[in-house]
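Proteins come first, then strands; the chains are lettered A, B, ... in the order of their sequence lines, and each starts at number 1. These numbers were taken from a predicted model, which means no experiment stands behind them. We use all heavy atoms of the structure for the numbers below, so side chains are in, but hydrogens, waters and symmetry mates are not.
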Number of protein chains: 2
Amino acid sequence: MRKRRTLAMNLDVVAQKAGVSTSTVSRVLNNLEIVKTSTRSRVLKAAEELNYHPNLHARSLARGKSRILGIIVSNMENPFFLDIYRTLESDAHSQGLEVVVANTDYRSEQLVASVQLMIGLRVAGLAVIVSEMEEHLIQTVAGSRIPVAFYDVGTPQKNITNIRVDYRKGIKKTVSYLSSLGHRRMAFVGHHSTLGPISERRKTFLESVHRCSPSADARIFAGPDGLEGGRQAARELLESGFRPTAVLCVNDFMAVGVMRELREEGLQIPRDVSVTGFDNIKLAEFCSPSLTTNHIPREQIGHIIFDNILGNGREQHDTGREIVIDPELVVRDSTGVAVKS
Amino acid sequence: MRKRRTLAMNLDVVAQKAGVSTSTVSRVLNNLEIVKTSTRSRVLKAAEELNYHPNLHARSLARGKSRILGIIVSNMENPFFLDIYRTLESDAHSQGLEVVVANTDYRSEQLVASVQLMIGLRVAGLAVIVSEMEEHLIQTVAGSRIPVAFYDVGTPQKNITNIRVDYRKGIKKTVSYLSSLGHRRMAFVGHHSTLGPISERRKTFLESVHRCSPSADARIFAGPDGLEGGRQAARELLESGFRPTAVLCVNDFMAVGVMRELREEGLQIPRDVSVTGFDNIKLAEFCSPSLTTNHIPREQIGHIIFDNILGNGREQHDTGREIVIDPELVVRDSTGVAVKS
DNA sequence: GCGATTTTTGCAAACGCTTGCAATGCAGAA
DNA sequence: TTCTGCATTGCAAGCGTTTGCAAAAATCGC
């Protein structure tokens with residue numbers, strides 16, 4: 001035969017069973033109130049009995065849009081992203097939107113694929129939470145007519161909404177705090193994403209150290225993101241012979257990894273060496289010693305992102321703005337006065 | 001006018017620009033090799049210039065299926081789920097499938113919504129990784145013609161594929177290990193999901209303790225899942241006046257929370273009290289003291305789930321089977337011989 | 001150079017839904 | 001009773017793809 005006739009379930013089957021037209025079924029399922037109550041319940045019964053589930057693809061296609069919020073993150077494992085994700089998810093659900101997430105794992109082909117997926121899905125809005133992105137790809141997204149907000153995308157762009165944290169400020173504050181405790185030999189531990197914001201952070205670190213005390217020593221170490229990466233970076237640090245009295249880490253996860261390694265090598269924290277992080281994830285409070293870190297308000301960031309994508313009322317779509325969030329230093333037990341060396 | 005004419009981008013626009021028919025464009029974009037090379041490149045150029053992205057909804061609709069693997073998990077934050085997720089994701093990508101995740105946050109309305117979403121999306125396969133699910137909902141999924149595998153769904157069902165971990169075995173082994181260290185007063189810390197497998201775990205715990213030593217004391221405590229929940233359960237434990245020499249926790253996260261609280265109350269681990277967990281997440285190795293726990297092979301589980309959903313070649317769709325994985329005790333520094341009391 | 005193949009392309013129906021408009025039914029008004 | 005008006009329902013086009021079949025174009029044999 002020319003055309004396959006599917007045996008699949010669809011509106012027509014339900015309509016037939018309920019003895020009404022397709023359109024009526026559609027109207028019932030979408031809660032349009034122009035349907036007589038008796039018809040309505042008949043339709044619902046039929047749908048129920050047939051175990052019918054509307055095809056969302058067909059629906060999106062017919063409507064010309066979907067009720068889906070897309071989220072792209074580079075590392076699901078990082079609780080920092082997870083917190084933003086959760087906020088976005090709950091905001092979305094409260095507006096009746098479903099959520100789909102794509103994880104890029106810091107791989108750029110995967111980022112491209114995720115962007116394709118989201119555009120292909122014609123998502124109602126898109127949050128891009130990856131710290132680096134090629135100019136070209138940014139423009140692809142921006143040109144897609146999908147309301148989008150970026151978090152901390154590397155280079156500032158003209159016509160996109162970008163929310164970012166002022167890491168410079170956080171680093172400066174942390175360095176000057178450590179400096180005030182007498183530290184004069186400090187290390188910075190970052191991860192391998194060296195482009196964009198990260199490299200700015202390194203630079204800021206070095207500058208801050210020298211500004212606080214021109215004679216101070218500063219060095220940079222790096223490993224993959226995560227606990228293990230922190231550990232690895234710490235090992236490198238130890239092997240390098242550089243003996244900092246304070247280690248400033250780019251995030252809490254790495255900081256915990258660093259602490260673990262240092263302690264295993266017999267160093268005491270904060271007696272022998274102070275350690276700080278960024279983010280203030282739950283673990284920062286639960287590890288031991290508890291971690292001095294820079295709090296970054298993830299919930300607030302999540303809400304801001306959402307409002308900028310799909311916020312009702314507010315001046316959304318006000319493309320091209322940049323929103324800057326300040327971190328706040330939270331002092332705990334992993335930092336103390338510098339040892340004399 | 002009767003029908004709106006959209007200004008959206010679609011195959012026809014590309015076709016026009018390239019001077020070919022829609023079908024040809026479609027064939028080019030799908031890499032069907034029956035297209036002349038010169039035509040092909042002309043089409044690709046047009047698509048590129050127009051910044052065209054195929055509408056996946058239309059595609060899925062026309063094809064009658066999507067290239068999406070759906071994953072439903074109850075708690076993204078738990079690294080245990082995250083590890084399974086990552087394995088599934090990488091397996092999926094290696095087969096050219098995209099992935100969408102839905103997080104239920106242990107809430108049953110959210111589970112229902114997620115299932116609706118996945119069925120509505122006509123996903124190519126579905127992994128359901130939530131520890132509890134209503135019989136009714138399970139049957140909805142099973143009846144949806146979508147290849148599906150469940151992980152650790154509460155009650156064993158006849159016609160579904162279920163992968164589960166034999167927690168009974170793990171608990172027994174752990175209890176007998178602790179017993180061999182002289183522990184006679186033990187607590188079990190679970191989380192509030194008290195239905196299904198969890199309650200079985202409690203029961204197993206109590207039985208095991210009494211089997212190892214009929215005179216032993218055993219009590220159950222609980223809190224919400226997670227670090228904070230563990231802490232909370234530990235606080236309850238301390239307030240109860242029950243002074244166990246060993247605490248067996250339902251997962252590592254809770255165990256770390258428990259340790260933290262106990263230590264803050266001045267107890268030393270393992271000198272005053274031993275603590276064990278389940279899962280063997282990264283953190284178990286990085287916390288201090290490092291945690292004795294039951295290793296559960298998440299990667300292996302992920303692969304098994306995937307193979308059972310979309311595995312090629314193997315006897316997939318062999319509905320109704322149950323696959324059981326055994327945990328393995330990993331002894332670290334959080335357990336030791338019992339103190340005399 | 002001409003018909004017979006073999007590629008390569010185009011046509012148009014179908015996928016399952018929404019929705020503007022028209023048709024129907026039924027109420028009350030005249 | 002007939003007409004008007006409103007509440008319901010049905011009709012059918014259109015959303016952007018894919019794909020079976022047929023038409024057209026290119027290639028080949030002689």
State whether a side-chain donor-acceptor pair under 3.5 Å links A:Thr22 with A:Asp12. yes

In terms of side-chain heavy atoms of A:Thr39, which of C:dG10, D:dT8, C:dC17 is nearest? D:dT8

For D:dC15, take OP1 and OP2 only and decide whether either is under 4.0 Å from a side-chain N or O of B:Asn10. no

Quick check for you: among C:dT9, D:dT19, D:dT9, whose closest atom lies nearest to any side-chain atom of A:Val35? D:dT9

Grab the two heavy atoms, one from A:Ala18 and one from A:Ala46, that are nearest each other, plus how far apart they are. CB-CB, 3.9 Å

Examine distances only and state if a side-chain atom of B:Thr39 and a backbone atom of B:Val35 form a donor-acceptor pair shorter than 3.5 Å. no

Separation of D:dG10 atom P from A:Gln16 atom CD, nearest Å, is 13 Å

Please report the distance, rounded to the nearest Å, between NE2 in A:His57 and C1' in C:dT18. 17 Å

Over all strands shown, is A:Ser23 touching base, sugar-phosphate only, or nothing at heavy-atom distances under 4.0 angstrom? base

Is there side-chain contact between A:Val141 and A:Phe150, with heavy atoms separated by less than 4.5 Å? yes

Quick one: label A:Asp12 by what it contacts on the DNA or RNA (base, sugar-phosphate, nothing), any heavy atom closer than 4.0 Å. nothing

From NZ of A:Lys36 over to P of D:dG10, roughly how many Å is that when rounded to an integer? 10 Å

Rounded distance in Å - CG (A:Leu29) to P (C:dC17): 9 Å

Determine whether a donor-acceptor pair (one donor, one acceptor, N or O, separation below 3.5 Å) exists between the side chain of A:Arg27 and the base of D:dG10. yes

A:Leu11 CG to D:dG14 P: how many Å, rounded? 20 Å

To the nearest 0.5 Å, how far apart are CD in A:Gln300 and CD1 in A:Ile323? 10.0 Å

Given C:dT8, C:dT18, D:dG16, identify the nucleotide with an atom nearest to the side chain of B:Ile34. C:dT8

Within-4.5 Å side-chain heavy-atom neighbours: A:Ile325 and A:Arg164: no

Less than 4.5 Å apart, side chain to side chain, heavy atoms only: is that true for B:Leu310 and B:Leu69? yes

Min side-chain heavy-atom separation B:Tyr106-B:Val130 under 4.5 Å: no

Side chains of A:Gln95 and A:Phe306 in contact at under 4.5 Å (non-hydrogen atoms): yes

Considering heavy-atom distances to DNA chain C, does B:Arg122 or B:Ser38 have its closest nucleotide positioned more toward the 5' end? B:Ser38

Respond yes when some side-chain nitrogen or oxygen of A:Ser60 is under 4.0 Å from OP1 or OP2 of C:dC17, and no when none is. no

Give me the bend of the helix from C:dG1-D:dC30 to C:dA30-D:dT1, using the axes of the five pairs at each end, rounded to 10°. 40°

What integer distance in Å separates A:Arg40:CZ from D:dT9:P? 12 Å

For A:Arg59, does its backbone N or O pair with a side-chain atom of B:His57 as donor and acceptor, under 3.5 Å? no

Specify the separation, in whole Å, of atom CZ of B:Arg42 and atom P of C:dT9. 8 Å

Whether B:Ser26 contacts D:dT18 is assessed here as follows: a side-chain N or O lying under 4.0 Å from the phosphate OP1 or OP2. Is that the case? yes

Nucleic acid contacts - residues 43-55 of chain A versus DNA chain C, non-hydrogen atoms under 4.0 Å: A:Tyr52, A:Pro54, A:Asn55

Return the value, rounded to whole Å, for the distance between atom CG of A:Leu32 and atom C1' of C:dC21. 16 Å

Where the side chain of B:Leu61 is defined as all heavy atoms beyond and including C-beta, which of D:dT8, C:dG16, C:dT18 is the nearest nucleotide? C:dG16

